[in-house]
Amino acid sequence: MTRIWRFALAWVVCFVGSLALAQPIYKDPTQPVEKRVADLLSRMTLEEKLGQMTQIAVSKLMSDGWGLGPLKAELLERYLVQRGIGAVLSGGGMGPVPNTPRAWAEMTNAIQRVALEKGRLGIPSLYGVDAVHGHNNLVGATLYPHNLGLAATWNPALVEQVARRVGQELRATGTLWNFAPVADLGRDPRWGRFYETFGEDSLLAGSLVAATVRGLQATQVAATLKHFVGYGQPLGGTDRSPAFLAPRSLQEVWLPPFRAGLEAGALTVMANSGSVNGVPVHASRYLLTEVLRGQMGFKGVVISDWNDIDKLVNDHKVAATFADAVALSINAGVDVYMVPMEADRYLQTLKELVEAGRIPRARVDEAAGRVLWLKFQLGLFERPYVEVAEAEKIIEAQRTLAKQAALESITLLENAAFTLPLTNVRTLLVTGPAAADKTMQMGGWSIDWQGKEGAKAPGITLLEGLQKGAPKGVKVAYADPRDARALAATARAADAVVVALGEKPYAESEGNNLSGELPAEQYKLLRDLKALGKPIVLVLFAGRPLVFPPDLWLTPKAILMAYLPGSEAGSALADVLFGRYNPSGRLPFTWPRLFAQVPFTYDRYPDIYPKAEPLYPFGYGLSYTDFAYRLQAARATPNAVEVDVEVRNTGKRAGSDVVQLYTRFPPLGFLAPRERLVGFAKVNLEPGQARSIKLIAPLDRFALVPGDVFSLETPRVLPGRYVLRVGEQTVAVDLR
Ligand code: BGC
Ligand code: BGC
């Protein structure tokens with residue numbers, strides 16, 4: 001052999017050898033994600049791909065059923081290795097026993113170890129939770145206000161900080177897929193999930209959805225926009241009953257918060273359990289594929305809701321067999337089935353459907369490929385495990401942010417004769433069922449699904465907050481609301497009464513409330529207190545507006561809506577009641593007088609006959625000071641309408657105002673909302689201070705769907721004269 005040949009041979013041997021030794025492309029973090037996905041897919045069997053399209057409840061790995069306890073080696077082996085199931089979740093209330101930060105971290109690490117070390121290709125597992133107001137299944141984690149309260153802050157930067165903090169906690173425990181934020185709108189307060197929304201308006205909600213996505217994903221935790229789409233307006237107001245939505249309202253009202261979340265980069269979307277216009281969303285190719293992917297450009301993972309392919313057979317009754325339902329749903333665009341208990345049946349059915357050609361193999365590659373893409377995006381291949389000590393450290397009570405969020409959410413609805421803040425009070429009577437019941441300040445999705453265990457979460461009650469936070473010389477006395485004699489006796493000595501009423505915690509359909517009424521004994525308590533003749537301050541812990549019998553509504557001199565404020569309820573309310581914080585919350589929904597008025601939103605179409613006004617309008621909220629506006633100029637730019645407003649604090653206290661910019665539409669040949677929020681800003685002002693701010697209203701807020709009854713057009717801005725309003729001031733701007 002000549003030298004040159006020997007050299008060539010050596011080179012070939014080296015090259016082939018290095019090919020065999022080099023790590024596969026999918027394990028190489030320097031390769032682009034798309035290449036890693038393609039490489040990994042090319043190595044996978046059909047069964048392995050189907051496993052990635054599956055998520056099971058963690059209890060299956062503990063008891064093969066609903067029971068919680070230690071993970072069992074043979075169940076880990078069966079589901080993660082033999083079936084290759086790629087994702088696990090904690091349904092509301094599911095977690096390790098005991099429920100501690102350490103146990104959560106150890107649990108997700110243990111799952112990961114089996115997936116990586118025993119799985120043929122070492123594909124990491126992905127763990128999902130509903131961390132909808134804090135890491136709320138974990139005992140010890142701080143709970144934040146539920147979204148409805150966060151929406152009342154009108155403060156996207158604050159909401160982003162909260163989400164980032166929650167993301168850090170999730171990261172630290174290895175739970176990297178969060179089924180949040182809710183991008184549904186709360187437009188019907190009868191609905192049991194109203195409090196999970198950011199309220200009725202798609203701009204406000206969209207801004208907060210986007211803020212949540214940014215905050216969570218900055219920590220490499222995947223956000224989930226749920227529940228796509230139209231879940232918020234079930235007919236009759238009861239959870240998951242059918243929705244009927246005009247295509248124009250779908251486009252103008254329901255899709256924008258999802259679009260905002262997608263623009264912020266949301267990695268996953270959960271399908272709506274209900275139906276829209278006669279088609280369950282889990283079976284709607286139009287919504288899940290044409291609209292979500294085609295119109296909106298979504299590239300990530302679509303997950304089903306809890307057991308929802310089964311619901312196509314059992315509840316919606318649109319499919320005769322489970323196999324028909326699976327084919328319908330996967331072909332419509334569901335990538336992952338959240339199938340808490342029956343994964344074996346699902347995997348078997350899915351395989352048969354693929355083999356029979358009823359689900360194309362390309363569809364399987366697409367769905368499984370998206371899940372792998374998600375896992376690469378989250379850095380799971382590089383950083384699959386968590387540090388147990390880190391989890392313990394980060395979960396330990398850090399409550400400043402929770403308090404700030406609660407403070408900014410609290411909304412002052414009434415304040416007759418300047419009852420608040422309580423500056424001239426020596427003895428205060430505190431009572432009411434919500435004064436010392438932690439579950440009522442936490443709401444649903446707190447430790448367990450329905451929030452019955454919410455008292456286990458760290459927190460300070462209203463009573464504790466007032467006792468700790470009373471200024472010197474102020475005595476805080478408590479009376480059990482069920483003890484009329486004690487109540488009367490304590491009231492006699494009191495200068496004012498703080499009564500806390502509200503709702504017991506609930507989640508989903510168990511929270512439907514068709515009348516908006518509180519339990520009768522709470523109204524009775526208010527009547528009894530009225531008879532005692534002392535000034536009453538009412539604090540409401542509730543996930544929705546409530547109605548009061550006419551004889552009672554103005555009984556309290558002052559009313560504070562606290563929503564479901566979470567851990568820091570008591571300290572935040574004490575600051576507001578005693579005047580250390582000037583309330584700045586604004587209602588993110590329209591407060592009806594009677595539930596017979598609902599659905600009743602500020603952006604409804606014009607009324608032919610004047611309607612009774614709402615009790616409190618959308619955007620409403622009082623302050624301990626006053627603000628005045630001067631609308632200075634408005635101009636249209638290519639992408640926005642810009643408005644300059646001077647805001648002045650005309651009172652004697654520092655405070656924050658939420659400046660709200662609305663538009664009215666020109667006559668266009670079809671109905672337009674009476675008004676639409678197009679911009680907002682929160683400003684902090686010292687007494688007497690004035691500031692000029694620029695509100696930028698994105699042009700798409702002026703867009704409407706033109707056309708006749710069944711128009712399927714997408715919204716666009718139509719030329720004409722638009723009237724902008726801030727407070728009572730208006731200015732016109734011509735758009736073309
Ligand atoms: C609910 C889930 C919840 C689970 C808890 C289901 O019925 O839909 O959201 O996590 O129950 O057991
Ligand atoms: C709820 C979802 C939730 C899922 C998992 C369902 O019942 O509708 O919002 O993410 O359960 O707990």
Side-chain angles (χ1 to χ4, degrees), residues 182-188 190-194 197 202 225-259 269-296 298 302-335 337-338 353 358-359 363 508-509 512 514 598-599 601 604-605 670-671 705-715:
V182 163
D184 311 316
L185 294 168
R187 293 172 71 86
D188 190 329
R190 295 174 296 185
W191 184 36
R193 306 193 76 167
F194 190 79
T197 74
S202 54
L225 306 178
K226 73 186 190 184
H227 309 76
F228 188 82
V229 60
Y231 188 32
Q233 192 116 54
L235 201 67
T238 56
D239 186 46
R240 290 175 165 90
S241 53
F244 290 88
L245 301 173
R248 54 167 33 102
S249 87
L250 189 73
Q251 290 287 344
E252 292 174 13
V253 176
W254 298 95
L255 289 176
F258 286 91
R259 188 169 282 119
V269 166
M270 185 185 291
N272 164 11
S273 252
S275 63
V276 173
N277 299 347
V279 181
V281 176
H282 281 71
S284 172
R285 207 188 133 75
Y286 173 72
L287 289 174
L288 295 181
T289 298
E290 284 171 44
V291 174
L292 180 60
R293 306 222 179 244
Q295 270 180 32
M296 300 171 83
F298 180 56
V302 171
I303 183 163
S304 80
D305 201 344
W306 179 272
N307 219 34
D308 262 89
I309 298 185
D310 284 83
K311 289 200 186 89
L312 296 179
V313 184
N314 303 332
D315 301 289
H316 295 291
K317 306 186 197 309
V318 298
T321 64
F322 181 60
D324 289 347
V326 174
L328 195 58
S329 192
I330 301 295
N331 287 329
V334 169
D335 297 314
Y337 187 21
M338 180 190 283
L353 288 165
R358 290 182 63 194
I359 293 177
R363 174 71 192 108
E508 305 193 25
S509 62
N512 297 333
L514 298 185
V598 308
T601 57
R604 64 190 184 274
Y605 289 142
F670 56 90
L671 293 176
V705 172
D708 215 320
V709 176
F710 295 111
S711 172
L712 284 178
E713 290 192 52
T714 49

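What you see is a predicted model; the values in this text were computed from it and never measured. All values below come from the heavy atoms of this structure, side chains included, with hydrogens, waters and symmetry mates left out.
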Carboxylate-amine/guanidinium proximity below 4.0 Å for R193 and D188: no
Nearest-0.5 Å distance that lies between atom CG in L288 and atom OG in S329: 7.5 Å
Nearest non-hydrogen partners of F244 and P242, listed with the distance: CE1-CB, 4.0 Å
Approximate separation, where rounding is to 0.5 Å, of N307 CG and M338 CE: 10.0 Å
Distance in Å, L250 CG paired with T714 OG1, rounded so as to fall on 0.5 Å steps: 12.0 Å
Where L353 and A323 come nearest, the two heavy atoms and their spacing: CD1-O, 3.5 Å
Main-chain N/O of V302 paired with D335 side-chain donor or acceptor, under 3.5 Å: yes
Distance, nearest 0.5 Å, that separates CE of M296 from CG of L225: 8.5 Å
Donor-acceptor under 3.5 Å (D239 side chain, G192 main chain): no
Geometric class of the W191/Y231 ring pair [parallel <30°, tilted 30-60°, perpendicular >60°]: perpendicular
4.5 Å side-chain heavy-atom contact, V705 and F670: no
Check: N314 side chain, K311 main-chain N or O, donor-acceptor pair, under 3.5 Å: no
V279 and Y286, any side-chain heavy atoms less than 4.5 Å apart: no
Euclidean distance, F322 CZ relative to L312 CG, rounded to 0.5 Å: 9.5 Å
Worked check of salt bridge (Lys or Arg N to Asp or Glu O under 4.0 Å) between R358 and D324: CA-CA 9 Å; R358 290 182 63 194; D324 289 347; 3.0 Å; yes
Straight-line distance of R190 CZ to L514 CG, nearest 0.5 Å: 6.5 Å
More than 12 heavy atoms of other groups within 6.0 Å of F710 CZ: no
Which atom of V281 lies closest to which atom of A271, heavy atoms considered: CG1-CB, 4.4 Å
Residues Y337, D310; criterion side-chain contact (heavy atoms from CB on, under 4.5 Å); working and verdict: CA-CA 10 Å; Y337 187 21; D310 284 83; 2.5 Å; yes
Check: N331 side chain, A327 main-chain N or O, donor-acceptor pair, under 3.5 Å: yes
Expected output: side-chain S284 to main-chain L287 donor-acceptor under 3.5 Å: yes
Verdict with reasoning, L292 to V269, per side-chain contact (heavy atoms from CB on, under 4.5 Å): CA-CA 9 Å; L292 180 60; V269 166; 4.0 Å; yes
Test item: N272 side-chain N/O and V229 main-chain N/O as donor-acceptor pair under 3.5 Å: yes
Contact check, side chains of S202 and L185, non-hydrogen atoms, under 4.5 Å: yes
Heavy-atom donor-acceptor pair, R248 side chain to S711 backbone, under 3.5 Å: no
Main-chain N/O of R285 paired to E290 side chain as donor or acceptor, under 3.5 Å: no
S249 side chain to A246 backbone, donor-acceptor under 3.5 Å: yes
Passing candidate, side chain to side chain donor-acceptor pair (under 3.5 Å) with S273, options K226, H227, R240: R240
Minimal non-hydrogen separation, E713 against P706, with atom names: OE1-CG, 3.7 Å
Derivation of the side-chain contact (heavy atoms from CB on, under 4.5 Å) call for R187 and F194: CA-CA 8 Å; R187 293 172 71 86; F194 190 79; 6.0 Å; no
Nearest non-hydrogen partners of A332 and A283, listed with the distance: CB-C, 3.7 Å
Side-chain (H282) to main-chain (L328) donor-acceptor, under 3.5 angstrom: no
For Q251 against P256, the heavy-atom pair lying closest together: O-CD, 3.5 Å
